Enquirer: 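If you scroll down you'll find the structure; I have some questions about it.
Order of the sequence lines fixes the chain letters, A, B, ..., with proteins taken first and strands second; residue numbering starts at 1 for each chain. As the structure is a computational prediction, the values presented were derived from the model and not from experiment. Side chains are part of it too, since the values below use all heavy atoms of this structure and drop only hydrogens, waters and symmetry mates.
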Number of protein chains: 2
Amino acid sequence: MRTIFKTVLAVFVSISSSSLFAQHKDFTQFVNPYIGSAGHGHVFVGANVPNGAVQLGPSQISQTWDKFNGWDWCSGYNYKSEEILGFTHTHLSGTGIGDLNDILILPANGKQHIQQAPFNKMNEGYGSKISKQNESVSPGYYKVLLEDYNILAELTSSERVGYHKYTFNKKDNPHLVIDLSFKMNWDKPTETYLKLVNDSTIVGYRFSTGWANDQKVYFAIKSNTKFKKVDFYNDSTAVLGYHVAKGQNIKAILAIDPTNPVELKVGLSPVSTKNALENIATEIPYWDFETAKNKAKEKWNDVLGKIDFKADDNTKTIFYTAFYHSYFAPTIFSDVNGDYMGTDKQVYNDKQHQNYTVFSLWDTYRALHPLMTILEDKKSKDFVSSMLKIYQQQGKLPVWHLWANETNTMVGLPAIPVIADAILKGIIDENEIELAYEAIKSTAMGHDNGLKYVRDLKHIPIEHMDHESVAWALEYAIADFGAYQAAKFLGKTTDAEYFEKRYKLYEQYFDQEMGHFVGRHENGNFRRPFDPLMAKHRANDYCEGNAWQYTWLVPQDVHGLISLFGGDKQFLKKLDEFIALPEHLDDASPDISGMIGQYAQGNEPNHHVPYLYAYAGEQWKGAALVHKAMTKYYTNEPAGLCGNDDAGQMSAWYVFSSMGIYPANPMDGKYIFGSPLMEEASIQLPNGKTFHIKVKNYGKNNIYVNKATLNGKNHSNTYITHNDILNGGELIFEMSAKPNKKFGANKTFRP
Amino acid sequence: MRTIFKTVLAVFVSISSSSLFAQHKDFTQFVNPYIGSAGHGHVFVGANVPNGAVQLGPSQISQTWDKFNGWDWCSGYNYKSEEILGFTHTHLSGTGIGDLNDILILPANGKQHIQQAPFNKMNEGYGSKISKQNESVSPGYYKVLLEDYNILAELTSSERVGYHKYTFNKKDNPHLVIDLSFKMNWDKPTETYLKLVNDSTIVGYRFSTGWANDQKVYFAIKSNTKFKKVDFYNDSTAVLGYHVAKGQNIKAILAIDPTNPVELKVGLSPVSTKNALENIATEIPYWDFETAKNKAKEKWNDVLGKIDFKADDNTKTIFYTAFYHSYFAPTIFSDVNGDYMGTDKQVYNDKQHQNYTVFSLWDTYRALHPLMTILEDKKSKDFVSSMLKIYQQQGKLPVWHLWANETNTMVGLPAIPVIADAILKGIIDENEIELAYEAIKSTAMGHDNGLKYVRDLKHIPIEHMDHESVAWALEYAIADFGAYQAAKFLGKTTDAEYFEKRYKLYEQYFDQEMGHFVGRHENGNFRRPFDPLMAKHRANDYCEGNAWQYTWLVPQDVHGLISLFGGDKQFLKKLDEFIALPEHLDDASPDISGMIGQYAQGNEPNHHVPYLYAYAGEQWKGAALVHKAMTKYYTNEPAGLCGNDDAGQMSAWYVFSSMGIYPANPMDGKYIFGSPLMEEASIQLPNGKTFHIKVKNYGKNNIYVNKATLNGKNHSNTYITHNDILNGGELIFEMSAKPNKKFGANKTFRP
């Protein structure tokens with residue numbers, strides 16, 4: 001019987017696979033890649049495929065004289081820029097620290113420049129003005145007219161290969177500029193290398209320091225036309241007589257014949273130029289830009305089609321763009337043959353698991369990774385496997401992993417929630433479970449950044465950590481819940497008991513007098529004077545936030561938090577007060593943005609806050625708050641993100657929230673109800689099933705959940721579980737313009 | 001017939017192979033590894049095998065306050081030191097710039113120290129006093145008593161694995177120190193890494209900058225006893241809680257049980273810790289120090305046995321030590337699986353050719369490489385192949401290659417003579433010949449360091465190169481002869497004609513007024529004022545020398561040089577004058593040493609000079625000079641080398657000269673007669689044949705060649721050819737105390 005069942009299931013899977021499903025509809029049409037490209041969104045704009053290593057797009061001039069000292073060019077692009085210096089093959093999306101923008105190529109003509117143009121003096125260096133009306137971008141495709149050269153540049157990509165097509169409308173001294181010295185933001189080249197392999201192939205590498213302390217990118221460039229002349233430079237000095245150039249600032253000018261459009265395929269590798277060539281040969285063996293472009297679009301359609309989201313066009317665009325941005329990180333970090341670079345500076349090969357990097361975990365453990373546990377079985381496993389390899393190489397789980405470098409950015413141990421969740425949800429290879437637990441425990445048992453106090457079940461004194469101690473401690477407690485859950489799940493009773501104590505350590509910081517989490521002295525006294533609104537960056541006990549914003553950061557034990565306040569009533573009062581406070585912030589990090597009272601949609605520590613209402617029996621208030629956050633701070637315009645997209649976390653929050661559910665605690669398999677923004681969402685699951693969420697009485701003002709049914713039965717809980725989703729079926733929200741205050745009021749039905 | 005002949009030959013080869021031959025005799029007993037370890041010899045003292053990657057030996061305290069600012073610790077060891085800080089796994093031998101001394105390990109007891117002891121304060125840090133009477137060294141084996149710890153340390157090695165044996169006579173708090181921050185000379189760690197793999201295995205890497213700008217050494221340590229406790233440090237700060245430590249100055253203290261001798265096997269790899277482990281598993285899979293030690297000795301006996309050299313014990317010791325030192329470089333630079341690191345920072349695999357590094361070519365092209373063309377067919381091919389790979393990776397042939405780095409040390413293009421000689425002698429794989437010629441030509445057609453003038457057949461003006469221009473030009477002319485020879489041999493007539501002009505360019509520097517090579521202005525005028533004795537370092541037109549020493553540097557065209565002087569008579573007069581000048585040098589580089597008049601045996605530009613007499617018909621005078629140089633400047637004592645051994649070139653000079661022959665022009669296959677110091681030398685050739693050199697009337701004062709016979713026939717030439725040697729046979733020198741001035745006087749018989 002079992003066997004027969006499996007066979008039947010397999011057929012079912014193949015029929016309903018997202019790939020087939022996607023053929024019917026073009027979901028990419030609903031994506032507006034400009035959303036989040038203005039202001040502080042910092043999203044990447046260009047051509048990539050889902051989780052692709054290559055993110056091929058324009059690099060502009062970082063306007064370091066602006067108010068934020070060039071911060072808004074972290075991705076290399078900002079909507080307000082009106083020039084392009086060249087096209088680079090790697091970018092970060094939505095981060096608050098800049099790096100990458102590696103391997104710049106620019107098609108040009110006229111006077112040869114080997115130095116980039118300064119701002120507003122485009123004729124003094126390479127680069128061109130552009131106009132927004134001559135620029136367009138869609139999933140997997142970017143097009144722009146370089147006006148100073150009258151060259152139409154088109155870009156597409158596969159996972160590891162960027163594909164350029166340059167149509168020269170002006171043909172005076174046509175050439176390509178390759179500038180390995182090109183850098184943006186914190187990045188600085190340390191050693192660069194170019195080698196002419198033959199008259200249409202160049203390979204090289206770019207090593208750099210910056211946010212990634214020691215980043216290595218190997219690449220190969222194949223051209224559809226022969227180079228008529230190749231000149232190498234180190235900075236501005238010609239490198240004569242050799243087919244190889246090595247130095248800190250290697251560049252090349254390649255004279256080419258522009259009779260036909262010039263096409264380039266650029267393969268990247270973390271390991272070698274040989275692998276970069278193999279990546280090209282495997283992923284884009286042909287010369288056919290249209291085919292490459294269509295394949296990229298198909299890949300996007302495959303993933304975007306995993307959720308068939310029905311709503312008004314505007315919301316649909318915001319949704320699919322958020323969904324699109326949810327696939328910008330982590331990014332592939334290995335070659336087609338399985339080679340990758342370890343954080344221990346060695347080349348490894350793994351053919352079983354795709355290796356990844358760009359783990360912005362403090363952001364993404366909250367919603368992006370939970371989203372992937374629903375949609376992406378294999379990818380989620382590979383993310384975990386990648387993190388476990390990093391653990392083996394660097395002795396602890398990643399914090400913020402960037403191209404084989406641990407940047408140690410942000411606070412806490414944010415890989416633990418992801419790994420613990422994967423263990424609990426069974427999204428991990430059997431043979432990696434013990435290693436995963438070892439990694440969690442070893443990492444949690446470290447000594448640095450106050451962990452030595454946590455080990456001993458003590459508070460982290462502010463004498464030891466003069467700022468951010470509460471933020472570290474609260475994040476540790478979240479991770480410790482993951483360790484507790486994993487230990488319990490795996491039957492490690494002693495460990496479970498120990499980590500249960502640790503995830504409760506947040507209680508030590510609760511200052512009853514103030515009603516906030518407050519930093520503590522060695523002697524146990526709370527910090528005085530105390531200002532719960534003070535949000536000065538790196539000057540208080542929080543991290544990108546103030547006491548008000550951090551007071552809710554106990555997603556792992558909301559009922560415990562409620563108890564600290566003395567019960568639902570006091571807790572709800574405080575929450576209401578939080579939302580009602582003035583939006584003003586003095587001298588704060590620009591990361592704290594998207595304000596509703598002191599609630600900050602623009603930064604991660606608050607992302608679960610609207611859903612806390614449900615824990616205290618007032619789901620309807622959460623619905624109102626989440627509705628406001630979604631509609632006020634997610635809009636269909638370049639400035640449509642209220643803060644850094646943070647490698648997709650801001651977007652993944654929207655993907656969940658707009659469907660009416662959110663994993664407030666990302667380690668207990670519950671998705672709390674909020675306020676759906678759509679008529680219907682069909683989620684294609686990796687097991688072949690579909691989970692439908694339907695909304696009755698969908699309407700602009702019908703923001704409250706009046707009642708819900710699951711698979712036709714009344715569903716009084718204000719949440720569903722991961723298994724509810726995996727089983728497939730239908731959740732129906734019945735909405736109303738007035739709150740049904742009874743919905744979820746009873747303790748039995750709360751999360 | 002051919003087939004049968006081949007079979008017969010193969011049997012013959014196998015019977016007469018050096019390995020069998022070596023079983024009969026122990027040649028290692030004649031080696032005194034201390035020769036060259038005092039003063040400026042700078043030889044490595046410790047345990048290695050021929051051309052082994054691992055050179056495992058003591059590192060001492062560089063006495064930077066001595067007259068030469070610590071220069072005499074370039075290898076890490078100087079005979080005068082009476083302490084040891086630890087045992088490191090890589091060293092340079094005989095160089096004038098210091099580096100390596102990687103991966104320090106020290107067995108210790110008593111108080112734990114994590115910082116090295118300062119000079120003369122051994123109790124303030126790790127390290128121990130030693131006494132010469134408690135130290136001994138022989139090929140492949142080193143032993144010392146660490147007196148402060150009463151620990152007997154013994155070392156041996158294979159190609160890629162160092163084997164330590166520590167007998168603890170004192171057992172108070174026994175531990176091992178691993179210090180990756182340890183550095184000597186110019187070296188500085190940039191990133192170091194340790195990882196505890198299990199209770200008896202540690203892996204790691206040490207990246208450093210220095211002479212090798214970006215050196216990477218990966219390693220694995222396996223212990224025969226479990227580590228009882230492992231403490232990691234970064235500098236002096238404990239790294240707690242993790243099994244991995246990464247930082248600039250990572251160290252470890254390993255507590256061990258010393259009941260039985262503690263044994264460690266340390267594998268190195270240029271590529272990965274995995275390969276380092278594989279190197280151990282392949283090369284020394286067992287725990288048996290004696291076996292490892294005997295194997296190392298056998299390997300030395302195999303190569304030392306290639307020349308059965310009969311002479312008085314003292315000369316024999318000097319000879320076999322010189323021969324031993326001829327196998328200290330180049331060193332193996334790849335793993336047992338064929339992986340190696342390219343100069344383009346990528347991992348390659350070559351299973352066909354052993355890859356090498358430590359190419360000190362300005363030194364070794366003169367005699368060491370020619371010696372290897374006689375004795376080591378496979379190795380010579382592999383040296384060439386390694387250099388060609390470097391060419392492909394860095395765009396030009398190596399100058400001074402050190403662990404995947406081009407150091408660009410010294411002048412000229414010194415790989416070209418080696419490669420050209422290999423082409424002419426057929427010691428190169430057929431399929432590499434075209435690449436080899438491309439590499440020669442591309443390298444010779446560079447632009448840097450005055451080459452752009454040479455390309456145009458012009459002199460290098462001193463306005464362009466304010467010092468060393470004559471040295472560069474003369475070395476270029478030597479390399480150009482190689483290019484000429486290779487082009488001619490390969491039928492590239494146009495190139496041959498061009499390079500023939502280039503190798504004659506030395507003529508342009510000959511100042512008839514002064515009778516010397518002199519730097520020239522752009523307008524052609526020779527530099528004035530001019531002092532032919534001025535030898536100030538980097539302040540004249542020569543490199544480590546003065547005009548007198550450089551006036552002979554035309555080994556490629558000695559007859560052309562003679563013509564410049566106006567004929568044999570004037571040439572000989574000048575040579576006599578050179579030898580008769582006072583030995584005094586003002587303000588000169590310490591590299592200029594071993595003086596006989598202004599002749600400097602201690603530096604390479606003069607190494608061929610004694611043999612120039614033969615070209616002008618007075619071989620007997622050359623015999624007298626070479627005899628004097630050999631007996632005065634090569635002695636059986638620690639200070640027995642008159643200058644840096646220069647990666648074996650000083651030693652290889654002796655190996656040839658003591659047998660009575662020398663490749664004055666290392667690219668024409670001629671070996672010029674000097675003055676044999678021995679009774680007999682039997683040279684085992686890779687083709688299975690033997691070439692015997694016998695000396696009749698061998699005696700202390702019988703320094704002149706009266707006559708010679710080759711294979712029983714009178715041999716009037718004052719040289720033999722490479723083919724004479726390869727054919728096997730017997731060269732007999734008949735010696736006398738009085739010169740036979742007719743021998744080689746006739747032009748017909750001169751080289």
Side-chain angles (χ1 to χ4, degrees), chain A residues 190-197 203-207 209 213-214 216 218 232 237-246 269 271-276 339 341-349 390-397 405-406 438-439 441-449 451-452 455, chain B residues 190-197 203-207 209 213-214 216 218 232 237-246 269 271-276 339 341-349 390-397 405-406 438-439 441-449 451-452 455:
Chain A
T190 50
E191 187 174 287
T192 58
Y193 175 91
L194 279 179
K195 175 175 166 179
L196 183 67
V197 175
V203 299
Y205 60 72
R206 181 179 190 277
F207 298 167
T209 190
N213 179 48
D214 181 14
K216 292 179 162 58
Y218 296 86
F232 289 143
T237 308
V239 177
L240 299 171
Y242 301 118
H243 64 284
V244 170
K246 180 153 82 173
S269 162
V271 160
S272 71
T273 59
K274 185 168 159 277
N275 281 4
D339 283 352
M341 182 68 74
T343 54
D344 59 352
K345 310 296 170 73
Q346 303 184 64
V347 179
Y348 289 89
N349 187 281
I390 293 166
Y391 157 72
Q392 289 177 304
Q393 293 154 9
Q394 72 182 23
K396 64 173 185 179
L397 283 165
N405 288 266
E406 177 54 77
E438 177 200 314
K441 187 174 172 184
S442 292
T443 303
M445 295 306 283
H447 284 71
D448 299 341
N449 297 313
L451 259 185
K452 63 177 174 179
R455 281 168 62 106
Chain B
T190 50
E191 187 173 288
T192 58
Y193 174 92
L194 278 179
K195 174 175 166 178
L196 183 67
V197 176
V203 300
Y205 60 71
R206 181 180 190 276
F207 298 166
T209 189
N213 180 48
D214 181 15
K216 291 179 163 57
Y218 296 86
F232 289 144
T237 308
V239 177
L240 299 172
Y242 300 118
H243 64 283
V244 170
K246 181 151 84 170
S269 162
V271 160
S272 70
T273 59
K274 185 168 159 276
N275 282 4
D339 283 352
M341 181 67 73
T343 54
D344 60 352
K345 311 295 170 74
Q346 302 185 65
V347 179
Y348 289 89
N349 187 282
I390 293 166
Y391 157 72
Q392 289 177 303
Q393 292 155 8
Q394 72 182 23
K396 65 173 187 178
L397 283 164
N405 288 265
E406 178 54 78
E438 177 200 315
K441 187 174 171 184
S442 292
T443 304
M445 296 306 282
H447 285 71
D448 299 341
N449 296 314
L451 259 184
K452 63 178 175 180
R455 283 169 61 107

Enquirer: Pick whichever of A/V239, A/V271, A/T273, A/V197 has the most heavy-atom pairs under 4.5 Å with chain B.
Expert: A/T273
Enquirer: Tell me, side chain or backbone of B/S272 under 4.5 Å from chain A's heavy atoms, or both, or neither?
Expert: both
Enquirer: Side chain, backbone, both or neither: which part of A/K274 has a heavy atom under 4.5 Å from chain B?
Expert: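 When you check distances to chain B, only backbone atoms of A/K274 fall under 4.5 Å.
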Enquirer: Looking only at heavy atoms and a cut-off of under 4.5 Å, which of B/V347, B/L451, B/T343 has the most pairs with chain A?
Expert: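 So the answer, after comparing B/V347, B/L451, B/T343, is B/T343.
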Enquirer: Would you call A/K246-B/E406 a salt bridge at under 4.0 Å N-O?
Expert: no
Enquirer: Distance from A/Y205 atom OH to B/K345 atom NZ, nearest 0.5 Å?
Expert: 4.5 Å
Enquirer: First locate atom NE2 of A/H243, then atom CD of B/Q394, and finally report the distance between them rounded to the nearest 0.5 Å.
Expert: 9.5 Å
Enquirer: Out of B/R455, B/H447, B/K452, which one pairs with A/L240 under the side-chain contact (heavy atoms from CB on, under 4.5 Å) rule?
Expert: B/H447
Enquirer: Name the region of B/N213, side chain, backbone, both or neither, that has any atom closer than 4.5 Å to a heavy atom of chain A.
Expert: side chain
Enquirer: At a 4.5 Å cut-off on heavy atoms, which part of B/F232 comes close to chain A: side chain, backbone, both, or neither?
Expert: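 Answer is neither: B/F232 stays 4.5 Å or more from chain A.
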Enquirer: Taking all atoms of both residues into account, what is the closest heavy-atom pair of A/Y242 and B/T443, and its distance?
Expert: OH-O, 4.3 Å
Enquirer: Quick one: which of B/K396, B/K195, B/Q393 has the most heavy-atom pairs under 4.5 Å with chain A, could you say?
Expert: B/Q393
